[in-house]
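Written out below as structure tokens is the structure these notes cover.
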Number of protein chains: 2
Amino acid sequence: MNEQNYPEFTGLELSPRKVDYIKFIFEKKGTVKTTDISSCLQVDPSTISKTLNELASTGYLNHVPYRGVDLTEMGKTYAEFLVRRHRILSLLFTHYGLSTEEACAEVSRFEAFVSKDAVNKICNSMGHPMVGVCGEINHDKCFHEEHYH
Amino acid sequence: MNEQNYPEFTGLELSPRKVDYIKFIFEKKGTVKTTDISSCLQVDPSTISKTLNELASTGYLNHVPYRGVDLTEMGKTYAEFLVRRHRILSLLFTHYGLSTEEACAEVSRFEAFVSKDAVNKICNSMGHPMVGVCGEINHDKCFHEEHYH
DNA sequence: TGATATATTTGGAGTCATACTAAATAGTTT
DNA sequence: AAACTATTTAGTATGACTCCAAATATATCA
């Protein structure tokens, strides 16, 4: 409803690998180089370069060739959702006998296929917990969406 | 530990589509024809045929060409896990504000990526509920695994 | 500055999962 | 046995992900 929040996304627009890349870039903050992602995620730089281009052309990243990438405003908003999704789902799983590491690993495998609607419902139902197993949970966008429509 | 239960699987061996096929065959009970799957899942018969062959050569199905398929013992065991996984996860999601249909649809999208270990832990933690949102939950294999190792 | 080293990108190719069409083959019905 | 239907095979395609090798840009150092 509010173009600042890009509420039109479903949460299913990015493939698993792209989710990883965006989350990585978000958590690094600032400009990120191809090599950073390549070495941390153990993927050939050429693969990173290609995917970064795709993410730039779909509006998630600003890409200055040979210089690096950073998130667009839309990319940041989306990344916030990705991180919140990961943390909410991981937290959920730790309530059912999985360790932090297990929950994290498990969720990493499937999170790309869980919709924003589902995450918001779970988040609501859990009472918008502030702390997840992999860091704090930010509910800004979550609240906006719940309150204004 | 017990060859009757094929406890060696992780739950991640089948791709999403193969999970759909095995679950469908399991729920139909008995011999299933290519056309049954084709018309219900809205996929070209040639695609079904190919995938059925793969599932047969990896030991999940008996395939009599031009006649149909049925589950092997291993296939049945695996299918029971697939159904249990689907129901446990769907039930879980309904505890967090999702309707039966929403939970089912959501889980269908990602269930192939949730490990047997995770499912067993969740199952344990929920107290082995007997009824899920899409039918009864069978805990035979689940109990065996928990008790004997 | 210019040569060299490093980082990044591009081009080409491959795998896996999924799916289709068209043609061949088997089974069934009359 | 002819005709109809079901199934399979062969060939092709796309999307996601990957790599290697070569080209290009940037950075460093002498």
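Keep in mind that the numbers below use all heavy atoms, side chains included, and drop hydrogens, waters and symmetry copies. A, B, ... follow the sequence lines: proteins, then strands. Residue 1 opens every chain.
Rounded to whole angstrom, the span from the CG atom of B:L14 across to the P atom of C:dC16 amounts to 16 Å. Atom CG in B:L52 sits about 7 Å away from atom P in D:dT8, given to the nearest Å. Distance B:E13 CD to C:dC16 P: 17 Å, rounded to the nearest Å. Protein atom CG of B:L41 is 9 Å distant from nucleotide atom P of C:dA19, rounded to whole Å. The separation between B:F113 atom CZ and D:dA16 atom P is 13 Å, rounded to whole Å. One can place CZ of B:R17 at 16 Å from C1' of D:dG15, the figure rounded to the nearest angstrom. Summarising the geometry, the separation between CD1 on B:I48 and C1' on D:dA6 is reported as 14 Å, rounded to the nearest angstrom. The distance between atom CG of A:L12 and atom P of D:dA16, rounded to the nearest whole Å, is 13 Å.
Here the nucleotide nearest the side chain of A:V43, chosen from C:dA19, D:dT18, C:dA17, is D:dT18. For B:R67, counting side-chain heavy atoms from C-beta on, the closest listed nucleotide (C:dT28, C:dT9, D:dT8) is C:dT28.
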Any N/O pairs under 3.5 Å between the protein and nucleotides 22-24 of chain C? List them or say none.
none

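Both tests pass for A:K116 against the ring of A:F9: distance under 6.0 Å to the centre and angle within 45° of the axis. For the pair A:K29 and A:F26, the cation-pi test (distance below 6.0 Å, angle within 45°) is passed. Note that B:K76 lies outside the cation-pi zone of B:Y78, set by a 6.0 Å cut-off to the ring centre and a 45° limit from the axis.
In summary, A:R17 and A:D20 engage in a salt bridge, as defined by a charged side-chain N under 4.0 Å from a carboxylate O.
The ring of B:F110 has its center closer than 6.0 angstrom to the ring center of A:F110.
For B:T47 and C:dC20, the shortest distance from a side-chain N or O to OP1 or OP2 is below 4.0 Å. At the phosphate of C:dT9, OP1 or OP2 sits under 4.0 Å from a side-chain N or O atom of A:S49. One finds a side-chain N or O of B:Y21 lying less than 4.0 angstrom from the OP1 or OP2 phosphate oxygen of C:dA19. The side chain of A:S15 contributes an N or O atom lying less than 4.0 Å from OP1 or OP2 of D:dC17.
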Please assess B:N124 against A:Y96 for the test side-chain contact (heavy atoms from CB on, under 4.5 Å), listing each intermediate value before the final yes or no. CA-CA 8 Å; B:N124 244 325; A:Y96 292 88; over 6 Å; no
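Place A:K50 and A:H63 on DNA chain C by their nearest nucleotides, and A:H63 ends up nearer the 5' end. Each of A:P65 and A:P16 has a nearest nucleotide on DNA chain D; the 5'-most of these lies closest to A:P16.
Between B:S49 and B:T34 the shortest heavy-atom distance is N-CG2, 4.4 Å.
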